[in-house]
Amino acid sequence: MSSDIYKDIILDYYRNPRNFGELPNPDVRAKDSNPLCGDIIEMQLKINDGKVEDIRFQGKGCAISQAAASMLTEVAKGKSLDEIKAVGKPDVLELLGIDPGPTRIKCALLGLKVLKLGVYLYLGQAVTEEVKQLV
Amino acid sequence: MEKLATINIPRIREDFPVLKRQVNGKPLIYFDNAATSQKPEVVIETTDRYYREYNANIHRGIHKLAEEATLAHEEAREKIAKFINARHTEEIIFTRNATEAINLVAYAWGRANVGKGEKIVLTIMEHHSNIVPWQLLAQERGARVEYVKIDEEGMLRQDEVLELIDEKTKIVCMTQASNVLGTVNPVRDIGRVAHRFGAMFLVDAAQSVPHMRVDVRDIDCDFFAFSGHKMMGPTGIGVLYGKIEHLQNMPPFLGGGEMIREVHTTGASWKDIPYKYEAGTPNIVGAIGLGAAVDYLRGIGMESVHDHERAITSYAMKRMSEVKDLVMYGPGDIARRVGVVSFNLGDIHAHDLASILDEEGIAIRSGHHCAQPLMEFLKVPATSRASFYIYNTKEEVDVFINALEKARKLFAR
């Protein structure tokens, strides 16, 4: 069985999501959904000294949305908030190892949007246009 | 199944240029016919010929091209009237689609006839196009919208029909065939109940007219709405059938050119029906193309279309029932449904499934199918949907089943 879109790595993260669950006493929680397909992602971040000390996510939805969100939690851990602001669409596609195409790209980018929402929420800053346009 | 042999499906497939296409290196298998159908060569040629040979505006110009275009446009109206067995050709109003046809009724008839505290009865299986126009009307007029529920099999609950339709009910609006469950509703019976209480009866026929013989006089509906693009015609053309006495008495929908008799600075008077409801330059090529689609469907025969789809649907449902973890929605009895099969496969998200099938060249629909109240009722966020037409084959169903098995194995934990 092989699939061009559903690389083993995506299915692996979908079946065994890393950093899945609740973080006790997070400094910030962010949540968003894609109304078109019902994908939901929530992330909780523990922030210390301007860096992501710990992160968890929860969600429901398609394999691409859930795998991408899980991969991003691994990327985010230990990064500074400025570094997370700089993560973009190409980084997510590189993590997934595929270009999901125009109809599925929103699934792939939902996790990134939620991660960035968390950072902006924590900083009390207005969300940039770039973040709003992700999904 | 013996009916399959009497219709020459390979010959019919030859009429559809797009079916020769490859998708992701595989032959296209188009199972998204409830969203829109493919177009036969004759419809493509007919629309092409209008632009090449007699493109002109209709009902106005005193020249040869305008005369030809007007004639072709009005011939299309006659063909459609015959196709659904309307008593009068002028009972056929051209709209953009079924959605606009329903909006026309909600706006023109609804605003003049629905008042505070009165009721609009719908069913829980309606497409958003047969819900939202009524919600807007109800909000504006202080009326109420109520929904007939369904049973576990996806059939309308007769007890609720009789309970909800009462003296306060001004209109009952329902689909003849569900775009999610495939359920064919007993529209004639429910129309009779509506009429007994003096209510109007509107049928959303978007999923029925393309696939079965329909007869608006037999159904005895007051309004009947459908789209051209689901029945092999172009996009952007739809039809509202209305009983002549209602259309004559209702106020207009959109105002503008083509629909007026006289305009003065102080006011205007309207043309007779159907033109009263067709403001502005219409979709001339769309109407002519839809006329060609109707000719094509009549050439095959709606009984043949229906029989073939029933055979394919029956085969698909049997094969799908053998796929582990696959859940189908809607009636199990093939006699009570059209060729629309919604399903979920284990806990695979409908969009993941659609992507995997797309890799195999198979087009299905996934999502809420513009029927969110029904999805809520079924307690599923989304379903996948395979929907068939005259050009689909058992061999295509076999490829589809193999792709479902592939998806199931890929996602097996």
Side-chain angles (χ1 to χ4, degrees), chain A residues 1-18 20 31-42 57-71 92-93 95-114 134-135, chain B residues 22-26 32 35 128 132 180 323-325 342 344-385 399 401-413:
Chain A
M1 287 301 141
S2 71
S3 162
D4 290 336
I5 289 190
Y6 294 91
K7 304 263 181 228
D8 288 345
I9 185 159
I10 295 177
L11 291 170
D12 181 40
Y13 272 82
Y14 177 58
R15 291 179 193 133
N16 312 297
R18 283 42 149 199
F20 189 88
K31 185 176 179 179
D32 202 10
S33 63
N34 180 354
L36 202 69
C37 52
D39 292 342
I40 299 172
I41 297 284
E42 185 193 302
F57 88 101
Q58 290 177 317
K60 272 199 307 210
C62 69
I64 292 175
S65 70
Q66 304 302 305
S70 181
M71 289 170 173
V92 177
L93 298 189
L95 286 169
L96 290 169
I98 53 154
D99 182 346
T103 55
R104 301 296 304 279
I105 188 72
K106 286 178 187 304
C107 308
L109 297 179
L110 179 61
L112 181 61
K113 184 180 181 188
V114 173
L134 280 172
V135 177
Chain B
Q22 304 266 310
V23 170
N24 295 319
K26 314 268 168 61
D32 195 16
H128 294 164
V132 182
V180 178
V323 176
K324 193 166 169 269
D325 302 330
S342 286
N344 272 310
L345 181 53
D347 58 1
I348 305 178
H349 192 280
H351 285 185
D352 288 328
L353 191 59
S355 286
I356 292 169
L357 295 191
D358 182 56
E359 288 187 319
E360 304 297 316
I362 304 166
I364 61 160
R365 178 75 181 272
S366 59
H368 54 58
H369 314 293
C370 299
Q372 284 178 337
L374 177 59
M375 294 287 129
E376 245 171 62
F377 185 82
L378 295 172
K379 296 191 175 65
V380 291
T383 70
S384 296
R385 179 186 72 186
V399 175
I401 296 293
N402 289 341
L404 291 178
E405 288 291 357
K406 176 184 165 176
R408 199 178 61 76
K409 284 174 189 148
L410 202 61
F411 274 79
R413 276 156 200 268

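Residue numbering restarts at 1 for every chain, and letters A, B, ... go by the order of the sequence lines. None of these values were measured; they are calculated from a predicted model.
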Leu11(A), part contacting chain B, at a heavy-atom distance under 4.5 Å = side chain

Please name all residues satisfying ring-ring contact (aromatic ring centres under 6.0 Å, His included) with His349(B), sequence neighbours left out, ordered by chain then number.
-> His351(B)

Identify which of Asn24(B), Asp352(B), Ile348(B) forms the greatest number of heavy-atom pairs closer than 4.5 Å to chain A.
-> Asp352(B)

Between Lys60(A) and Asp347(B), is there a salt bridge with N-O shorter than 4.0 Å?
-> no

